[in-house]
Amino acid sequence: MIRSIVSRTSSLINKSSVNTFARRTYATDAGANEELLTFSFMVPHQVIFKDKKVQMITLPGAKSVMGVLKHHVPNIAELKPGVVAIQHDANTTENYFISGGFAFINPDASCYVNAVEAVPLDQIDPTEVKNGLQKYTQLYNEAVDEKDKAIALIGLETHQHMAHAVGVTFSLAAEMS
Amino acid sequence: MAQQFWRVAGLTYLEYVNLTSSHLRNCLKDKFKVAAKNREAFASTYTSFANGKEVSTINITYSDVIPTPKKN
């Protein structure tokens, strides 16, 4: 898992952030000193979180999996199908599977994640995922021209990410026997 | 950095993300699937008129729009 947690080095440019760096404490100091990220997570039909204070979120970026803490470098990241892991505090983590979207990490230490579909992991049916994996592996192997291969690969990748999220294993050797 | 594989193959981002969302919706458990499938459905009718008379009608639903691999 590749994490990109980068401290803001622009403190020379933005004087107000110098004071916040001075207040950094050990991880064991909980409570008011906690530096929490303001996080909004929305899909077109539902607001899942709005301005929620969380410790860290892990996003399935298209180029790499990224962990976002409060002072992450501002960024706009494309997300691919995968799990958004929201760590509310030291003990509570919530996972959602998203089908794709964008994450906006803003200079004011807030983060918006917009997805097309987001479901808690227990809403995914492992049997359907397994069937989908078989179907799209076959379609991918059969596809000849570039567009068909891309469509099959999209299906295959999405099902692979879902399988990884819910814990479905698909072994080609087992299927062939 | 090179483009994403779907862009290279000629698909747009919206086609890509609607495909992945469709796959996710298909893999939901039954009671969540119904609500999700309702979100996905759409229907459009395009009718062109000339001289007050209907010339042609096109009906489009979600299954017409979503790219699918050609069946051999």
Side-chain angles (χ1 to χ4, degrees), chain A residues 43-46 60 62-63 78-82 96-102 114-133 135-136 138-163 165-166 168, chain B residues 1-50 53-72:
Chain A
V43 287
H45 55 272
Q46 185 191 2
K63 303 203 172 82
E78 183 193 342
L79 305 176
K80 62 175 189 240
Y96 286 86
F97 188 89
I98 63 168
S99 68
F102 284 88
N114 299 327
V116 176
E117 277 285 344
V119 295
L121 292 185
D122 53 16
Q123 289 187 10
I124 300 177
D125 184 356
T127 332
E128 289 279 7
V129 175
K130 203 159 190 162
N131 293 339
L133 269 177
K135 177 180 168 192
Y136 284 96
Q138 197 186 1
L139 274 175
Y140 181 66
N141 291 329
E142 286 173 358
V144 170
D145 82 319
E146 201 175 6
K147 194 163 186 181
D148 286 347
K149 237 175 160 68
I151 294 166
L153 186 55
I154 292 171
L156 183 56
E157 271 194 1
T158 313
H159 285 95
Q160 277 176 340
H161 287 116
M162 280 196 275
V166 295
V168 167
Chain B
M1 189 131 192
Q3 292 173 322
Q4 298 270 16
F5 69 89
W6 41 267
R7 175 78 68 184
V8 170
L11 293 172
T12 64
Y13 179 75
L14 282 178
E15 285 175 324
Y16 165 70
V17 85
N18 284 331
L19 266 174
T20 58
S21 306
S22 175
H23 294 312
L24 173 56
R25 289 186 193 109
N26 285 330
C27 287
L28 293 177
K29 291 179 178 159
D30 286 332
K31 59 181 170 199
F32 307 110
K33 197 168 179 170
V34 174
K37 279 298 172 185
N38 282 338
R39 277 199 287 278
E40 179 179 271
F42 74 80
S44 287
T45 305
Y46 295 83
T47 314
S48 52
F49 287 83
K53 290 211 184 78
E54 185 183 316
V55 170
S56 65
T57 308
I58 307 171
N59 291 315
I60 302 183
T61 58
Y62 187 69
S63 53
D64 299 324
V65 171
I66 196 160
T68 45
K70 289 193 285 287
K71 297 275 183 284
N72 289 334

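Below, chain A is the first sequence line, B the second, and so on; all start at residue 1.
- Legend: salt bridge (charged side-chain N to carboxylate O under 4.0 Å, His left out) pairs involving residues 53-66 of chain B, not counting sequence neighbours: none detected.
- Inspection of non-hydrogen atoms places Tyr13(B), Tyr16(B), Val17(B), Leu19(B), Thr20(B), Ser21(B), His23(B), Leu24(B), Arg25(B), Asn26(B) of residues 13-26 of chain B under 4.5 Å from chain A.
- Heavy atoms of Tyr136(A) lying under 4.5 Å from chain B belong exclusively to its side chain.
- Shown here is Phe42(B), whose CZ atom has more than 12 heavy atoms of other residues, nucleotides or ligands within 6.0 Å.
- For His161(A), no part lies near chain B; criterion is any non-hydrogen pair under 4.5 Å.
- Each of Gly155(A), Ala143(A), Gly132(A) has some count of heavy-atom pairs under 4.5 Å with chain B, and the biggest count is that of Gly155(A).
- Heavy atoms closer than 4.5 Å to chain A are found nowhere in Lys31(B), neither backbone nor side chain.
- The contact between Ser99(A) and chain B is made by backbone and side chain atoms together, counting heavy-atom distances below 4.5 Å.
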Report the C-alpha separation of Lys33(B) and Glu128(A) in whole Å, then their side-chain angles, then the decisive distance to 0.1 Å, and conclude whether the side-chain contact (heavy atoms from CB on, under 4.5 Å) test is met. CA-CA 11 Å; Lys33(B) 197 168 179 170; Glu128(A) 289 279 7; 3.3 Å; yes
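- Residues Ile154(A) and Phe5(B) have side chains in contact (heavy-atom distance under 4.5 Å, counting atoms from C-beta outward).
- Distance CG/Asp125(A) to CG/Leu28(B): 8.5 Å, rounded to 0.5 Å.
- Summarising the local packing, NZ of Lys135(A) is surrounded by 12 or fewer heavy atoms from other residues, nucleotides or ligands at distances under 6.0 Å.
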Show your working on side-chain contact (heavy atoms from CB on, under 4.5 Å) between Trp6(B) and Glu157(A) and close with a plain yes or no. CA-CA 12 Å; Trp6(B) 41 267; Glu157(A) 271 194 1; over 6 Å; no
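- Leu11(B) touches chain A through its side chain: at least one heavy atom from C-beta onward sits under 4.5 Å away, while N, CA, C and O do not.
- Between Lys80(A) and Gln4(B) there is no side-chain heavy-atom pair separated by less than 4.5 Å.
- Per-residue heavy-atom pair counts under 4.5 Å with chain B were compared for Asp122(A), Val166(A), Asn131(A), and the maximum is reached by Asp122(A).
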